[in-house]
Amino acid sequence: MRKCCLLNFLVLCFFLWNYQFSFAQTVNSDKTNNYQQVFVKTDNFGASYLDSLENTLKKTQNDSLYFLILNDLSYYWHTRNLKTALNFTNTGLKKAIAKEDTLWQGRFQITQGAILLRMEKLDSAYLVLEDAKKKVKEKDLPFLNTQLGYVFERKGEIDRAADFALESLDLGKKLNDDKAIALAYSDLSNLFWKQSKYVKGLEYGLKSVEIFEQRGINDLDYDFTLYVVGNNYLELKEYDKALNFYEHSIAIGERYGFYNNLSDVYISLVDLYAYLGEFEKASLSGVNAIKYAQLLDNDFMLMRSWLSVGKLQNLQGKYESAITSLQKCIEIATADFGDEFYLNQAYDLLGKAYAGNHQYKKAYAAFEKYDKLKNQIFTAEADQRISLLQTEFEVAQKETTIGLQRTKLNQQRVQQTFVLIIAGLLLLLLIVLYKTFQNNRKKNKLLERQNQEKEFLLKEIHHRVKNNLEIVSSLLALQSARINDPKVIEAMKETQNRVHSMSMIHQKLYQGKDLATIEMKDYFTNLGNYIINAFGAQDRVEVVCHMDELELDIDIALPVGLIVNELLTNALKHAFPSNERGLVTISIKEVASCLVLEVSDNGVGQIQKRNIPGQGFGTQLIQLLTHQLDGKMTQDLNQGTSVSFKFYLNKAA
């Protein structure tokens, strides 16, 4: 009796120790980062991991940590059983709504969408994922887009699926998220494979594998990528390489219990071994594909598994067995199954099985369904197949083939006539296009010549305006030389500077490439040098342009140039008395839809300028030009003088 009690006590202790150990593996004692998230910080995803995670969840008090663990539990259950995964997801969604936590509502919706699309509820998955977009953060979007891509891939809209993969790739690069980049490359590889572009698919798949292996974590998506690369190698008939990738994928899938990927790989292995003529291995792979699809409780995988088995049996000539397998496949695919790509294959193979078994009526019916599902993609191929079966059926009923041969001949004649008509129309279209091209070319040459002439005339006009302004400036200089009054001389000199500032604008226009805009940094530099030289202050005052290159329309550049001219003149007259050294800074930049201009100096500022009149002609001119540009002016006279302007570009124009 004592031995029995002691044994029970030891078993209980071992159980408690093992439970605490599994909890410790999941959650560390470090409160700041206490959750060892699987496939992010660890790949310890054993058979009992999800049970351990569920036990950990019960002990968690913090809401954010609770939601994180529950979401991981929901998502990784979908690798083993979809219904269980959906139950956990719905629980998390209800709790997030109760807590009014919008972010976690969105994240649980992403997981819900991932599960629903694998349960063939494609429309529901799409609506849930679109709603989640408004709630989650940018870092969640690559994974969300991946799931949306899967929805459209399943619907057969490969182009839209590719758009989502490319969007995930851009986001991954923007966020520096290696996992998102690798997953996007993996999705593109799979889409190229579906489009029969196997070389391109292999290229993207190998890029994805390289990034996953650099991360050093064997997760669900890395496992899937190995499978996709194997598919591309298989279609390129590089069977040894395909087998290596499939076996690697199976090793990871069996280690972690990724039933979805395992079923996928075994389906492909059926085809691989069939190509190699190893039918026993192919049959065993089909059994394994069905086994893992049933464990996952995934009708889509189960349907594809029976499809691969039926295809193999057709190749072996086991038509009755193939009919049974393919009928199971079609029974699983309900009316709203959502994936006509595989369903039409099922009817195609079923038709071949019936034909091989001499059941021509049933074969004809199967091919009719195949033809409807295929729509207009492979109509010609389907028609040929149906015509052939009709012929065989009529031969079996001992009917002659003369009428059918005549029908075929008539069809060929109609096709030939149709081809000739199309060829004639295309030839006519090419002639019209050629004539149109010639006419457009002549028009373009004429327009180009006219543009060159107009450009030359505009440059000539600006050149003459510049010359006329220079003459005005020279006349002012000659006139001022005959005047003795210092105030009049100063006024003449300022007017001369204003005329020169306008002259420089027109000079820039006819010398530059653009006849409508002025590059302001170079203009301000030349204007500053001219005014300093005019005042003879080149040895003591420096003008600096702290700005990037900026192009302005002439209607804005001209008044702005005059404003800067007045401010530079004012600085040289008043900011540095007694021939002091100084610095004048000019800057102009675009901020939103505004133009910000600032001219500042490190001169005497407000203290020594308080007696200077404020209503001179220069000041009035600045105010007038500012009003013309619908701008605002502010001054700061505490340390030197700084005058700032803010012009609204849309109004100034």
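Just so it is clear, the model here is predicted, and its values are computed rather than measured. Residue numbers count from 1 along this sequence.
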Nearest 0.5 angstrom please: [X] [atom1] to [Y] [atom2], how far?
X: Leu183; Y: Thr225; atom1: CG; atom2: OG1; answer: 7.0 Å
X: His546; Y: Lys521; atom1: NE2; atom2: NZ; answer: 8.5 Å
X: Leu144; Y: Ile110; atom1: CG; atom2: CD1; answer: 4.5 Å
X: Asp140; Y: Leu103; atom1: CG; atom2: CG; answer: 6.5 Å
X: Leu73; Y: Thr89; atom1: CG; atom2: OG1; answer: 9.0 Å
X: Leu568; Y: Ile563; atom1: CG; atom2: CD1; answer: 12.0 Å

Side-chain heavy atoms of [X] within contact of [Y], under 4.5 Å:
X: Phe437; Y: Asn440; result: no
X: Phe88; Y: Thr111; result: no
X: Asp163; Y: Asn145; result: no
X: Val643; Y: Asn570; result: no
X: Asn526; Y: Asp522; result: yes
X: Thr641; Y: Asp636; result: no
X: Phe524; Y: Met547; result: yes
X: Trp104; Y: Leu68; result: yes

### Message
Between Val564 and Tyr523, does the side chain to side chain contact (heavy atoms under 4.5 Å, CB included) criterion hold? Intermediate values first, please.
### Response
CA-CA 11 Å; Val564 172; Tyr523 169 70; over 6 Å; no

N/O donor-acceptor pair under 3.5 Å between [X] side chain and [Y] backbone:
X: Asn565; Y: Gly561; value: no
X: Arg581; Y: Asp539; value: yes
X: Asn71; Y: Phe67; value: no

### Query
Can you name the side chain to side chain contact (heavy atoms under 4.5 Å, CB included) partners of Lys173, sequence neighbours left out?
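Here the qualifying residues are Leu169, Ile181, Tyr185.
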
### Query
In chain order, what residues pass the side chain to side chain contact (heavy atoms under 4.5 Å, CB included) check against Glu566, with sequence neighbours excluded?
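Counting only residues at least two positions away or on another chain, Glu566 forms a side chain to side chain contact (heavy atoms under 4.5 Å, CB included) with Arg498, Leu621, Ile622.
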
Is any side-chain N of the basic residue among [X] and [Y] closer than 4.0 Å to the acidic one's carboxylate O?
X: Lys99; Y: Asp63; value: yes
X: Lys133; Y: Glu130; value: yes
X: Lys139; Y: Asp177; value: no
X: Asp221; Y: Lys179; value: yes

Over all heavy atoms of both residues, which pair between [X] and [Y] is shortest? Give the atoms and the distance, please.
X: Gln109; Y: Leu93; value: CG-CD1, 3.9 Å
X: Glu551; Y: Thr517; value: OE1-OG1, 3.0 Å
X: Cys594; Y: Lys646; value: SG-CE, 3.6 Å
X: Val228; Y: Ser186; value: CG1-O, 4.3 Å
X: Ala125; Y: Val151; value: CB-CG2, 4.1 Å
X: Ser74; Y: Ala85; value: O-CB, 3.2 Å

#### Entry: Derivation and outcome, side chain to side chain contact (heavy atoms under 4.5 Å, CB included), residues Phe164 and Thr146
CA-CA 7 Å; Phe164 283 109; Thr146 296; over 6 Å; no

### Task
Measure the acute angle between the ring planes of Phe645 and Phe647, then classify it against the limits of 30° and 60° as parallel, tilted or perpendicular.
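It falls in the parallel class, under 30°.
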
### Task
Would you please classify the geometry between the Tyr75 ring and the Phe143 ring as parallel, tilted or perpendicular, with 30° and 60° separating the classes?
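Phe143 vs Tyr75 ring planes: perpendicular.
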
### Task
Ignoring hydrogens and angles, state whether a donor on the side chain of Gln214 or Asp178 is under 3.5 Å from an acceptor on the partner side chain.
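Checked: Gln214/Asp178 side chains show no N/O donor-acceptor pair below 3.5 Å.
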
### Task
May I ask you to check whether Asp187 and Tyr204 show a side-chain donor-acceptor distance below 3.5 Å?
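Side chains of Asp187 and Tyr204: no pair found under 3.5 Å.
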
### Task
List the steps and the verdict of side chain to side chain contact (heavy atoms under 4.5 Å, CB included) for Asn218 and Asp223.
CA-CA 7 Å; Asn218 295 331; Asp223 188 32; over 6 Å; no

Count the heavy atoms belonging to other residues, nucleotides or ligands that lie under 6.0 Å from [atom1] of [X], then report whether that count exceeds 12.
X: Asn439; atom1: CG; result: yes
X: Lys589; atom1: NZ; result: no
X: Asn90; atom1: CG; result: yes
X: Lys95; atom1: NZ; result: no
X: Gln438; atom1: CD; result: yes

### Query
How far apart are the C-alpha atoms of Glu203 and Lys200, what are their side-chain angles, what is the distance that settles it, and do they pass the salt bridge (charged side-chain N to carboxylate O under 4.0 Å, His left out) test?
CA-CA 5 Å; Glu203 177 187 337; Lys200 200 70 177 174; 3.6 Å; yes

### Any residue meeting ring-ring contact (aromatic ring centres under 6.0 Å, His included) with Phe535, in chain and number order, not counting sequence neighbours
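So Phe535 forms no ring-ring contact (aromatic ring centres under 6.0 Å, His included) with any residue.
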
### Message
Using the rule given for side-chain hydrogen bond (donor to acceptor under 3.5 Å, both in side chains), can you reason through Ser642 versus Glu598, listing the C-alpha separation, both sets of side-chain angles and the distance that settles it, and then say yes or no?
### Response
CA-CA 7 Å; Ser642 177; Glu598 183 177 357; 3.0 Å; yes

#### Entry: Working for side chain to side chain contact (heavy atoms under 4.5 Å, CB included), residues Leu550 and Leu595
CA-CA 11 Å; Leu550 177 66; Leu595 194 66; 3.9 Å; yes

